[in-house]
Student: 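Below is the structure I would like to discuss, written out as structure tokens.
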Amino acid sequence: MLELEHFNYGWVTPVLAYVISVIGSVLGLRCAVHGRASSRPAGWLIAAAVALGGAGIWVMHFTAMLGFSIHSVTISYDVPMTLLSAVVAIVVVWLGLSIVVRGGRETISLPLGGTITGLGVATMHYMGMFAMKSDAKVSYATIPVVASILIAVVAATAALWFMLHIRGRLTTIGAALIMGVAVCGMHYVGMAAMRAEHSGHHSATPAGVDPLELLTPLITVVTLVLAMLIMMVGVAEFDERAVVAATPTPVPVRERNGAVASVHNPDVAEDGRLLQRQRNRK
């Protein structure tokens, strides 16, 4: 049995992976907030899926994998399979979000969306592991694999619940911190299932690309995508604050019976009375 190292660079890769997962989760949650408030949420749902599925889950996975090594074994990555795993992560998060946002009854849509998304995230993880090429024979212990899948389903369901209910910025950050722990936990539990041993034949250079060779294009793409998402969310929230600031503050208006009603201005108060009279006639 070969020795596996999950923290080849110490705590740098797990901490960086967690930070990236939290950033992706924050952006995903804020996109979901704006999607719920929008009359056309499709664009925001896609943005939330890219943020959470792409950055919060897949980039976290790949970053954590940079710290993984097998003693005396050269590791490379199958690029098409690695990219396909990223697509899977984004699509399953989008699918889960679409189900819970448009699915009607939350008691049905949330477990359904969470299960589909969680199974998809677990699939993404093991696709990423399958994309890892070496001359070692790799196998997986059943119990940690099952545990990682259950964690993925629970974490996905919790993430979708947060996306349905979280609104404030402070609560968004708190939820993102929890989501980061769940995503990283799923990854490292899944990694704990891995076993490696000599395959009996050795190839000097396994087919694929060295993980460090993927680092520069990965950083470039992730930086651009995150910058675009941050700009989208920033502009939307700036407009939101501008609308709130432009809304007149309530002015107390004393009614005939002595009660105090709160309206924005006298004209609005009169409009409100007219609207109430029309409703009474109906």
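In what follows, residues are counted from 1 in the order of the sequence shown. Computed from heavy atoms alone, side chains included, the values below leave out hydrogens, waters and symmetry copies.
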Student: To the nearest 0.5 Å, what is the distance between CE on M124 and CD1 on I90?
Tutor: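 Separation between the atoms: 10.5 Å.
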Student: Please examine the side chains of S25 and L52, heavy atoms only from C-beta on, and report whether any two atoms are closer than 4.5 Å.
Tutor: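 Yes, close enough: below the 4.5 Å cut-off.
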Student: Do the non-hydrogen side-chain atoms of I57 and V93 ever get within less than 4.5 Å of each other?
Tutor: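 Yes, their side chains come closer than 4.5 Å.
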Student: I need the L215 CG to T220 OG1 distance, nearest 0.5 Å.
Tutor: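 Reported value, rounded in 0.5 Å steps: 9.0 Å.
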Student: How close do N8 and S69 get, counting heavy atoms only, and between which atoms?
Tutor: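 Distance-wise, the nearest heavy atoms are OD1-OG, 3.4 Å.
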Student: Rounded to the nearest 0.5 Å, how far does CG of D210 lie from OG1 of T74?
Tutor: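 Atom-to-atom, T74:OG1 and D210:CG are 8.5 Å apart.
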Student: Taking only residues two or more places apart in sequence, or in another chain, which ones meet H6 in a side-chain hydrogen bond (donor to acceptor under 3.5 Å, both in side chains)?
Tutor: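 With sequence neighbours excluded, H6 shows a side-chain hydrogen bond (donor to acceptor under 3.5 Å, both in side chains) to no residue whatsoever.
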Student: List the steps and the verdict of side-chain contact (heavy atoms from CB on, under 4.5 Å) for M65 and Y77.
Tutor: CA-CA 11 Å; M65 288 304 299; Y77 284 88; 3.4 Å; yes
Student: Heavy atoms only: give me the nearest I149-A122 pair and the separation to one decimal.
Tutor: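 That closest heavy-atom pairing would be CG1-CB, 4.0 Å.
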Student: Using side-chain contact (heavy atoms from CB on, under 4.5 Å), reason through H165 and E106 one step at a time and then give a plain yes or no.
Tutor: CA-CA 11 Å; H165 297 282; E106 184 177 328; 2.9 Å; yes
Student: Holding to side chain to side chain contact (heavy atoms under 4.5 Å, CB included), I want the full list of residues that pass it with A196, two or more places apart in sequence or in another chain.
Tutor: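 With neighbours one apart ignored, the set is L2, L4, I70, A136.
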Student: Mind checking whether V138 and M194 have side chains closer than 4.5 Å, heavy atoms only?
Tutor: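 Yes, side chains in contact.
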Student: Answer whether the closest heavy-atom distance between the side chains of H125 and H187 falls below 4.5 Å.
Tutor: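 Answer yes - side chains close enough.
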Student: Applying the 4.5 Å side-chain criterion to the ILVMFWY set and letting contacts propagate, would V154 and V100 be lumped into a single cluster?
Tutor: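 The answer is no; the residues belong to distinct hydrophobic clusters.
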Student: Looking only at non-hydrogen atoms, find the nearest pair between I166 and A175 and report the distance.
Tutor: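 Closest approach of I166 to A175: CG1-CB, 4.2 Å.
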Student: Sequence neighbours excluded, which residues qualify as ring pair (Phe, Tyr, Trp, His ring centres under 6.0 Å) partners of Y140?
Tutor: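 Y126.
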Student: I'd like to check the ring pair (Phe, Tyr, Trp, His ring centres under 6.0 Å) partners of Y18; sequence neighbours left out, ordered by chain and number.
Tutor: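 Per chain and number, Y18 pairs via ring pair (Phe, Tyr, Trp, His ring centres under 6.0 Å) with no residue.
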Student: Measure across R167 and T172 and return the closest heavy-atom pair with its distance rounded to 0.1 Å.
Tutor: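 Residues R167 and T172, closest heavy atoms: O-OG1, 4.2 Å.
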Student: In terms of hydrophobic clustering (I, L, V, M, F, W, Y; side-chain heavy atoms under 4.5 Å; direct or indirect links), are L29 and L177 co-clustered?
Tutor: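 Different clusters: L29 never reaches L177 through Ile, Leu, Val, Met, Phe, Trp or Tyr contacts under 4.5 Å.
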Student: Would I108 and W161 show up in the same hydrophobic cluster when neighbours are defined by side-chain heavy atoms closer than 4.5 Å?
Tutor: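 No, I108 does not connect to W161 through the hydrophobic network.
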Student: Atom CD1 in I151, atom SG in C184: separation rounded to 0.5 Å?
Tutor: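 Going from CD1 on I151 over to SG on C184, the span is 11.5 Å.
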Student: Could you check whether any side-chain N or O of R30 sits under 3.5 Å from a backbone N or O of G234, counting only pairs where one atom can act as donor and the other as acceptor?
Tutor: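 No; zero donor-acceptor contacts below 3.5 Å.
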Student: Checking the side chain of S21 only, and the main-chain atoms of A17 only, is there a donor and an acceptor separated by less than 3.5 Å?
Tutor: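 Such a contact is absent between S21 side chain and A17 backbone.
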Student: Could you grab the distance from atom CD1 of I23 to atom CG of L229, nearest 0.5 Å is fine?
Tutor: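 Reported to 0.5 Å precision, the distance equals 11.5 Å.
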Student: Kindly write out the residues that satisfy ring pair (Phe, Tyr, Trp, His ring centres under 6.0 Å) with Y188, not counting sequence neighbours, or none if the list is empty.
Tutor: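 Y188 satisfies ring pair (Phe, Tyr, Trp, His ring centres under 6.0 Å) with F7 only.
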Student: Is there side-chain contact between T171 and F162, with heavy atoms separated by less than 4.5 Å?
Tutor: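 A side-chain contact is absent here, since even the closest heavy-atom pair is not under 4.5 Å.
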Student: Could you pull out all residues at least two apart from W44 that satisfy side-chain hydrogen bond (donor to acceptor under 3.5 Å, both in side chains)?
Tutor: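 W44 satisfies side-chain hydrogen bond (donor to acceptor under 3.5 Å, both in side chains) with no residue once adjacent residues are dropped.
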Student: Between T117 (side chain only) and A156 (backbone N and O only), is there a donor and an acceptor less than 3.5 Å apart?
Tutor: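 Not confirmed, T117 side chain does not pair with A156 backbone.
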Student: Tell me the closest heavy-atom pair linking A48 and L97, and the distance in Å.
Tutor: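 Looking at all heavy atoms of both residues, the closest pair is CB-CD1, 3.6 Å.
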Student: Quick one, S109 with I99, criterion side-chain contact (heavy atoms from CB on, under 4.5 Å). Give me CA distance, side-chain angles, the key distance, then yes/no.
Tutor: CA-CA 6 Å; S109 62; I99 289 172; 4.1 Å; yes
Student: Return the OG to CD distance between S139 and E197, rounded to the nearest 0.5 Å.
Tutor: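 Interatomic distance, S139 OG to E197 CD, rounded to 0.5 Å: 6.0 Å.
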Student: For S148 and V145, indicate whether the former's side chain and the latter's backbone hold a donor-acceptor pair under 3.5 Å.
Tutor: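 Yes, S148 side chain to V145 backbone: donor-acceptor pair under 3.5 Å.
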Student: Could you go step by step and tell me if W58 and T82 meet the side-chain contact (heavy atoms from CB on, under 4.5 Å) rule?
Tutor: CA-CA 10 Å; W58 183 82; T82 301; 3.6 Å; yes
Student: With a sphere of 6.0 Å drawn around CG of L170, does it hold more than 12 non-hydrogen atoms of other residues, nucleotides or ligands?
Tutor: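 Count not over threshold, so no.
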Student: Any heavy-atom pair between the side chains of V73 and S134 that's under 4.5 Å?
Tutor: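 Heavy-atom side-chain distance check passes, below 4.5 Å.
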Student: Compare all side-chain heavy atoms of M228 with those of M231 and state whether any distance is below 4.5 angstrom.
Tutor: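 With C-beta onward as the side chain, the pair stays apart.
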Student: Counting N and O atoms only, with roles assigned by atom type, does the side chain of S38 sit under 3.5 Å from a partner on the main chain of H34, one being a donor and the other an acceptor?
Tutor: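 Absent.
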Student: Between I173 and L226, is there shared hydrophobic-cluster membership here, with clusters defined by ILVMFWY side-chain heavy atoms closer than 4.5 Å?
Tutor: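 Hydrophobic grouping puts I173 apart from L226.
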Student: Near L150 CG, under 6.0 Å, is it more than 12 heavy atoms from other residues, nucleotides or ligands?
Tutor: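 Check passes, neighbour count above 12.
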Student: So if you build clusters from Ile, Leu, Val, Met, Phe, Trp, Tyr with side-chain heavy-atom gaps below 4.5 Å, do I20 and V221 land together?
Tutor: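 Same cluster.
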Student: Report yes if some heavy atom in the side chain of F68 is under 4.5 Å from a heavy atom in the side chain of M191; otherwise report no.
Tutor: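 Touching, per the 4.5 Å side-chain cut-off.
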Student: If you take all heavy atoms of G128 and H61, which pair is closest and at what distance?
Tutor: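 Closest approach of G128 to H61, heavy atoms only: CA-NE2, 3.9 Å.
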